[in-house]
Q: 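This is the structure I have questions about; it appears just below.
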Amino acid sequence: MSLLNTCIGSIAAICTTVAFVPQVIKSWRTRDLSGISLPMYTIFTLGVILWLVYGLLIGDWPVIIANAITALLAGGVLLLKLQSLKMKSPKMKSMTQL
């Protein structure tokens with residue numbers, strides 16, 4: 001892989017990873033996740049985890065690092081969303097007791 005390719009991949013990885021930080025901070029501070037789509041964040045987090053696995057398989061460090069961090073950030077928002085639904089919905093409360 002050329003140095004240019006690595007630089008472009010690294011910059012792209014930084015941009016897409018850092019883009020999640022404001023959402024995580026806002027979600028953590030306000031605990032208002034009403035605008036967050038549970039299906040979207042579930043599918044997105046799964047996709048990021050699969051990108052991480054792919055990066056590990058091909059040994060591509062920009063892909064590995066970016067997706068590991070993004071998986072943690074997106075997973076954090078996803079957990080906050082699930083907690084907010086659990087507190088609001090009696091049905092979710094009963095589902096979590098299974």
Side-chain angles (χ1 to χ4, degrees):
M1 186 180 286
S2 77
L3 181 59
L4 179 61
N5 290 352
T6 301
C7 287
I8 291 172
S10 297
I11 292 167
I14 289 167
C15 289
T16 56
T17 300
V18 170
F20 279 89
V21 173
Q23 183 65 61
V24 173
I25 291 169
K26 181 179 180 186
S27 297
W28 183 262
R29 284 184 180 161
T30 65
R31 300 283 198 230
D32 178 13
L33 289 103
S34 58
I36 300 293
S37 167
L38 180 59
M40 179 271 179
Y41 254 83
T42 302
I43 295 166
F44 177 78
T45 304
L46 176 61
V48 170
I49 291 168
L50 292 172
W51 272 113
L52 172 58
V53 171
Y54 173 74
L56 290 167
L57 291 173
I58 65 170
D60 189 325
W61 285 105
V63 174
I64 294 167
I65 293 168
N67 286 293
I69 295 168
T70 304
L72 289 173
L73 294 171
V77 172
L78 183 59
L79 288 175
L80 288 171
K81 178 66 175 182
L82 289 170
Q83 285 178 340
S84 73
L85 290 175
K86 184 175 146 183
M87 296 179 125
K88 289 181 182 177
S89 169
K91 185 176 179 180
M92 272 300 273
K93 285 181 185 177
S94 65
M95 289 175 61
T96 58
Q97 294 173 350
L98 296 176

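Keep in mind it's a predicted model, so treat the numbers as computed, not measured.
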Q: My understanding is that only residues two or more places apart in sequence, or in another chain, count here; which of them pass side-chain hydrogen bond (donor to acceptor under 3.5 Å, both in side chains) with T30?
A: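 side-chain hydrogen bond (donor to acceptor under 3.5 Å, both in side chains) check on T30 returns nothing, list empty.
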Q: Looking at residues at least two apart in the chain, or sitting in another chain, which of them share a side chain to side chain contact (heavy atoms under 4.5 Å, CB included) with I14?
A: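 Per chain and number, I14 pairs via side chain to side chain contact (heavy atoms under 4.5 Å, CB included) with V18.
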Q: Output every pair passing side-chain hydrogen bond (donor to acceptor under 3.5 Å, both in side chains) with a member in residues 43-53, not counting sequence neighbours, ordered by first then second residue.
A: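 For residues 43-53: none.
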Q: Enter the distance from L52:CG to L57:CG here, rounded to the nearest 0.5 Å.
A: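 Reported value, rounded in 0.5 Å steps: 9.5 Å.
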Q: Sequence neighbours left out, cut at 3.5 Å: what donor-acceptor pairs do the side chains of residues 61-81 make with other protein atoms?
A:
{"from": "N67", "atom 1": "ND2", "to": "V63", "atom 2": "O", "distance (Å)": "2.8"}
{"from": "T70", "atom 1": "OG1", "to": "T17", "atom 2": "OG1", "distance (Å)": "3.0"}
{"from": "T70", "atom 1": "OG1", "to": "A66", "atom 2": "O", "distance (Å)": "2.7"}
{"from": "K81", "atom 1": "NZ", "to": "L33", "atom 2": "O", "distance (Å)": "2.8"}
{"from": "K81", "atom 1": "NZ", "to": "I36", "atom 2": "O", "distance (Å)": "2.9"}

Q: Starting from L50 and following side-chain heavy-atom contacts under 4.5 Å between hydrophobic residues (I, L, V, M, F, W, Y), which residues can be reached?
A: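 Reading the cluster by chain and number, L50 sits alongside L46.
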Q: Only counting residues at least two apart or in another chain, list the ones meeting ring-ring contact (aromatic ring centres under 6.0 Å, His included) with F44.
A: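 Counting only residues at least two positions away or on another chain, F44 forms a ring-ring contact (aromatic ring centres under 6.0 Å, His included) with F20.
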Q: Atom CG in L82, atom OG in S84: separation rounded to 0.5 Å?
A: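 Those atoms lie 7.5 Å apart.
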Q: With clusters defined by side-chain heavy atoms of hydrophobic residues (ILVMFWY) lying less than 4.5 Å apart, directly or transitively, does L38 cluster with M40?
A: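 Yes, it is one cluster - the side chains of M40 and L38 are joined through contacts under 4.5 Å.
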